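These values consider heavy atoms only, across backbone and side chains, with no hydrogens, waters or symmetry-generated copies. Computed from a prediction, not measured in an experiment: that's the story for all the values here. Below, chains carry the letters A, B, ... as their sequence lines are ordered, and counting in each starts from 1.
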2 protein chains.
Amino acid sequence: MTTETSPYTVQQEKMARYAKALSHPARLFILEFLDKQSCCFVGNIVDELPMAQSSVSQHLKELKDAGLIQGTVDPPRVQYCVNRKNWSEAKALFSEFFEVESMV
Amino acid sequence: MTTETSPYTVQQEKMARYAKALSHPARLFILEFLDKQSCCFVGNIVDELPMAQSSVSQHLKELKDAGLIQGTVDPPRVQYCVNRKNWSEAKALFSEFFEVESMV
DNA sequence: ACCCTTTATCGTACATTTGCGATAAACTAT
DNA sequence: ATAGTTTATCGCAAATGTACGATAAAGGGT
C-alpha cells in the first residue's frame, strides 16, 4: 500500500470537500432550515422540499458524510442538527480563502 | 416554453453555483494562485499543476463560466485574472450563509 | 405477534464531472 | 507560405451525482 500524497494543501482538500457539499441548492436549503430551527426531523425537511423522501435522505447523507450535520435517533424518527464544530471549520476555511486580499 | 420556477431562492442558486466551482482542489489552487500573482498566463498555471494542459484548460473554463475569473487574449497567450466583482458577490453569499453575525 | 410510522438503503436510469491524448485554432515570426 | 508557440476544443472512458420507486430496517403501540 502506497501512501498517496496529494499535490494540494490540507486546507484546499478540506475546503473542496465542504464546497462540494454546498454545491446543491437543496443542501443549502436544508442547512439554512436546520440552522433556523436548530435541529429538526427528516419529515419536516421532506415537507419543505419538492423531491422524493429518498432523495432528501440522500442529500442528508451527503451533508452528514461531509460532517456538516449530525443525526440522533428518536424512534421512529431521526433528528438532524448542524455540526457546529465542522460548521465553524468550514466557515473559517471559506473566510480565509475569500479574505486573501480585501473584502467587499 | 414554460418558465421553470426554481423552488430555491436566487441566493441559494447562485451560491450553489459558486460552491460547485470551488468544489475541486485544483480550482481552489488556481484561484489562490491567481490572487497571489494577480493575473497570469495559462502556462504558468499548467506548470504548477500535476495534470495535463487540456485538463487545466477545462478547469479554467469552469471557473470562467462560474464568473470567478476572466481571461484576456495576448496572442498567442491568454491571461487570466480573478473577476473581482463576482468574487465579492461569492464572498458576500458565503459570508451571509455562514453567519448572520460576521464571517471573520 | 401484528400493524403503523419514519427513515435508510437498494436498484435503476440518466446526466454531469474528470481526466487524457489528439487535434484545431489563433496569432507571431521568419 | 511555413513553422512555432500557446491555448481551446473534441472524442473518449471511467467515475460520480441526481432523482425516483420499491423495499428494508427499527421501533412503538395495541
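- Distances shorter than 4.0 Å separate some side-chain N or O of His24(A) from OP1 or OP2 on dA19(D).
- Counting to the nearest Å, the C1' atom of dT16(C) and the CD atom of Glu62(A) are 14 Å from each other.
- Side-chain proximity of Arg77(B) to dC20(D), dT7(D), dT9(D): nearest is dT7(D).
- For Tyr80(B), the side-chain atoms get nearest to dA8(D) when compared with the rest of dA26(C), dG19(C), dA8(D).
- Comparing Met51(A) and Pro76(A) against DNA chain D, the residue whose closest nucleotide sits nearer the 5' end is Met51(A).
- Taking the side chain of Val42(B) as heavy atoms from C-beta on, and the options dG28(D), dA8(D), dC20(C), the nearest nucleotide is dA8(D).
- Ser57(B) contributes no side-chain N or O that, together with a main-chain N or O of Gln53(B), makes up a donor-acceptor pair within less than 3.5 Å.
- Each of dT5(C), dG19(C), dT18(D) was ranked by its minimum atom distance to the side chain of Gln58(B); first place goes to dG19(C).
- Whole-Å rounding puts the Arg17(A) CZ to dG17(D) C1' distance at 15 Å.
- Counting only heavy atoms from C-beta on, Leu60(A) has its side chain closest to dA8(C) among dC20(D), dA26(D), dA8(C).
- Summary for the helix from dA1(C)-dT30(D) to dT30(C)-dA1(D): the axes at its two ends, each from 5 pairs, differ by 10° when rounded to the nearest 10 degrees.
- Counting any heavy atom pair closer than 4.0 Å across all strands shown, Lys20(B) reaches sugar-phosphate atoms only and no base atom.
- Between His59(A) and dA19(D), a side-chain N or O to OP1/OP2 separation shorter than 4.0 Å is present.
- Side-chain atoms of Ser23(B) come within 3.5 Å of backbone atoms of Lys20(B) as a donor-acceptor pair (strictly under, hydrogens ignored).
- Rounded to a whole Å, the CG atom of Asn44(A) is 10 Å from the P atom of dT6(C).
- Residue Ser54(B) places no side-chain N or O under 4.0 Å from the OP1 or OP2 atom of dC20(C).
- Of the residues listed (Lys64(A), Gln70(A), Gln37(A)), the one engaging Tyr80(A) in a side-chain contact (heavy atoms from CB on, under 4.5 Å) is Lys64(A), and it is the only one.
- Between the base of dA8(C) and the side chain of Gln53(A) there is a donor-acceptor pair shorter than 3.5 Å.
- Ranking dC20(D), dC27(C), dT18(D) by closeness to the Arg27(A) side chain, first place goes to dT18(D).
- Taking atom CG on Asp65(B) and atom P on dT16(C), their separation rounds to 14 Å, with Å as the unit.
- Closest of all the heavy-atom pairs between Val82(A) and Leu31(A) is CG2-O, 4.3 Å.
- Within the 4.0 Å cut-off from OP1 or OP2 of dA8(D), at least one side-chain nitrogen or oxygen of Ser57(B) is found.
- Taking both residues in full, the closest heavy atoms of Asp65(A) and Arg17(A) are given as O-NH2, 3.0 Å, listed atom of the first, atom of the second, then distance.
- Looking at Gln12(B) and Glu32(A), their side chains do bring a donor and an acceptor atom within 3.5 Å of each other.
- Taking atom CG of residue Asp47(B) and atom C1' of nucleotide dT7(D), one finds them 13 Å apart after rounding to whole Å.
- Between Lys61(B) atom NZ and dC20(C) atom C1' the separation is 18 Å, expressed in whole Å.
- The ring of Trp87(A) has its center no closer than 6.0 angstrom to the ring center of Tyr18(A).
- Note: CD (Gln79(B)) to C1' (dA26(C)) measures 17 Å, nearest angstrom.
- Distance CG (Leu63(B)) to C1' (dT18(C)): 14 Å, rounded to an integer number of Å.
- Listed nucleotides dT7(C), dT9(C), dC20(D) differ in distance to Val78(A); the shortest reach to its side chain belongs to dT7(C).
- Under a 3.5 Å cut-off, the side chain of Asn86(A) and the backbone N or O of Glu89(A) do not form any donor-acceptor pair.
- Comparing Phe41(B) and Ser23(A), the nucleotide of DNA chain D nearest to each residue sits closer to the 5' end for Phe41(B).
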